[in-house]
Amino acid sequence: MKLRILVADDHELVRRGMCTLLQAHADWEVCGEATDGRDAVEKAKQLKPDVVILDIGMPNLNGLAATRQLMQHGNYKIIVLTIDDSDQAIREALDAGARGFVLKSDAARDLVAAVEALQRNRLFFTPRVNDMVLAGFLETGQNGTSRRPPKVPTPTAREREVIQLVAEGKSSKEVAAVLNLSTKTAETHRSNIMRKLGLHSVQDLVLYAIKNHIIQVQPQVLDRNSTEGSVS
């Protein structure tokens, strides 16, 4: 019986490339594709794939939030893809329940190995992630208590969804429609988030979302042929 894989990435070329790479394996099949995190959660519930591959930086619901939601509904084997290997991104992926962590820049080399590892009920992380996991154990005392400083207020799963949608430019009415809430409830969530996190404007919220990997800003590629006023 073939291993069934769900692939979620909002960039069609990237998603198609991953599907081609995975389907070259004789014993695997891509049972579904998703274009955003919310779509991925719904398709995973319907299709029951053996492995789910989620890009962190997807619209509507990012890969980390989608991972958290899926782990609440079952023991999914999830690989997260990211362009960012910062300490916080790694910690959040681990905390969310991901069993594999692959940088997009290394996907052509590591993705197949990651799926093979999960197929054998193993974890797959880059050496940097392994180092962080070890550091996490070292930061825990012998009595099991953490030596880390107290955490600053953190948003709930629902609040993170609202943050992402607002940071992506959606109005309270649009947020309400996506999350199946009343507009008043969406506005209340937004106000509570601003107060809880000490934010004073939508711009502050966008910066918070970027800094905390709730949304990702893709690097722009400069087209030299379209530049004006260049210095010779």
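Nearest heavy-atom pair, Leu54 versus Ala8, reported as atom, atom and distance to 0.1 Å: CD2-CB, 3.7 Å. Taking both residues in full, the closest heavy atoms of Ser172 and Ala186 are given as O-CB, 3.6 Å, listed atom of the first, atom of the second, then distance. Residues Glu92 and Leu64 come closest through the heavy atom pair OE1-CD1, 3.3 Å. The two residues Val178 and Arg38 have their closest heavy-atom pair at CG1-NE, 3.6 Å. Contact detail for Asn60 and Glu168: the closest heavy-atom pair is N-OE1, 3.2 Å. For the residue pair Leu197 and Pro153, the shortest heavy atom distance occurs at CD2-O, 3.8 Å.
Put simply, the side chain of Ile5 does not reach to within 4.5 Å of the side chain of Pro49, judged on heavy atoms. Annotation: side chain of Ile163 is in contact with side chain of Leu205 (closest heavy-atom distance under 4.5 Å). When side chains are defined from C-beta on, Phe124 does not count as touching Arg99, because their heavy atoms never get closer than 4.5 Å. Counting heavy atoms from C-beta outward, Glu187 and Val175 have side chains that stay 4.5 Å or more apart. When side chains are defined from C-beta on, Gln69 counts as touching Leu61, because their heavy atoms get closer than 4.5 Å. Between Ile79 and Phe101, the closest side-chain pair of non-hydrogen atoms is not below 4.5 Å. At a threshold of 4.5 Å between non-hydrogen side-chain atoms, the residues Leu70 and Thr67 do not count as touching. The side-chain heavy atoms of Ile214 and Tyr208, taken from C-beta on, include a pair separated by under 4.5 Å.
Under a hydrophobic-cluster definition in which Ile, Leu, Val, Met, Phe, Trp and Tyr are linked whenever side-chain heavy atoms come within less than 4.5 Å, directly or via other members, Met58 and Met71 are assigned to the same cluster.
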**Message:** Please evaluate residues Leu3 and Asp27 with respect to the criterion side chain to side chain contact (heavy atoms under 4.5 Å, CB included), reporting the C-alpha separation (whole Å), side-chain torsions for both, the decisive distance (0.1 Å), and the verdict.
**Reply:** CA-CA 6 Å; Leu3 186 81; Asp27 297 324; over 6 Å; no
**Message:** What verdict does the side chain to side chain contact (heavy atoms under 4.5 Å, CB included) test give for Lys43 and Leu6, after you've listed the backbone C-alpha separation in whole Å, the side-chain angles of each residue and the deciding distance to 0.1 Å?
**Reply:** CA-CA 8 Å; Lys43 286 184 176 174; Leu6 172 66; 4.3 Å; yes
**Message:** Set out, in order, the CA-CA distance, both residues' side-chain angles and the distance that settles side chain to side chain contact (heavy atoms under 4.5 Å, CB included) for Lys77 and Asn121, then state yes or no.
**Reply:** CA-CA 9 Å; Lys77 295 180 180 179; Asn121 293 317; 2.5 Å; yes
**Item:** Candidate pair Lys45 and His73, rule side chain to side chain contact (heavy atoms under 4.5 Å, CB included), full reasoning
**Value:** CA-CA 8 Å; Lys45 291 178 183 177; His73 291 90; 3.6 Å; yes
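With sequence neighbours left out, Arg122 forms a salt bridge (Lys or Arg N to Asp or Glu O under 4.0 Å) with no residue at all. Applying the side-chain hydrogen bond (donor to acceptor under 3.5 Å, both in side chains) criterion to Arg195, with sequence neighbours excluded, gives Asn192.
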Just distance, no hydrogens or angles: give the donor-acceptor pairs under 3.5 Å from side chains in residues 13-24, sequence neighbours left out.
unit_1 : atom_1 : unit_2 : atom_2 : d
Arg15  : NE     : Glu33  : OE1    : 2.9
Arg15  : NH1    : Asp9   : O      : 2.8
Thr20  : OG1    : Arg16  : O      : 3.0

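Judged by distance alone, the side chain of Asp106 and the main-chain N or O of Arg109 form no donor-acceptor pair under 3.5 Å. The backbone N or O of Val51 lies less than 3.5 Å from no partner atom in the side chain of Arg4, so there is not a single donor-acceptor pair. Under the 3.5 Å distance criterion, the side-chain polar atoms of Lys196 are matched with a main-chain donor or acceptor of Thr154.
To the nearest 0.5 Å, the span separating CD1 on Ile56 from OG1 on Thr82 amounts to 4.0 Å.
Residues Thr185 and Thr188 bring no donor and acceptor atom of their side chains to less than 3.5 Å of each other.
Salt-bridge formation is detected for the pair Arg158/Glu161: a Lys NZ or Arg NE/NH1/NH2 atom is positioned less than 4.0 Å from an Asp or Glu carboxylate oxygen. Glu29 and Lys2 are not joined by a salt bridge, as no carboxylate oxygen comes within less than 4.0 angstrom of a charged side-chain nitrogen. Salt bridge status for Arg190 with Glu159: absent, with no side-chain N to carboxylate O gap under 4.0 Å.
Exactly one residue among Val115, Ile53, Val80, Leu81 makes a side-chain contact (heavy atoms from CB on, under 4.5 Å) with Val102. That residue is Leu81.
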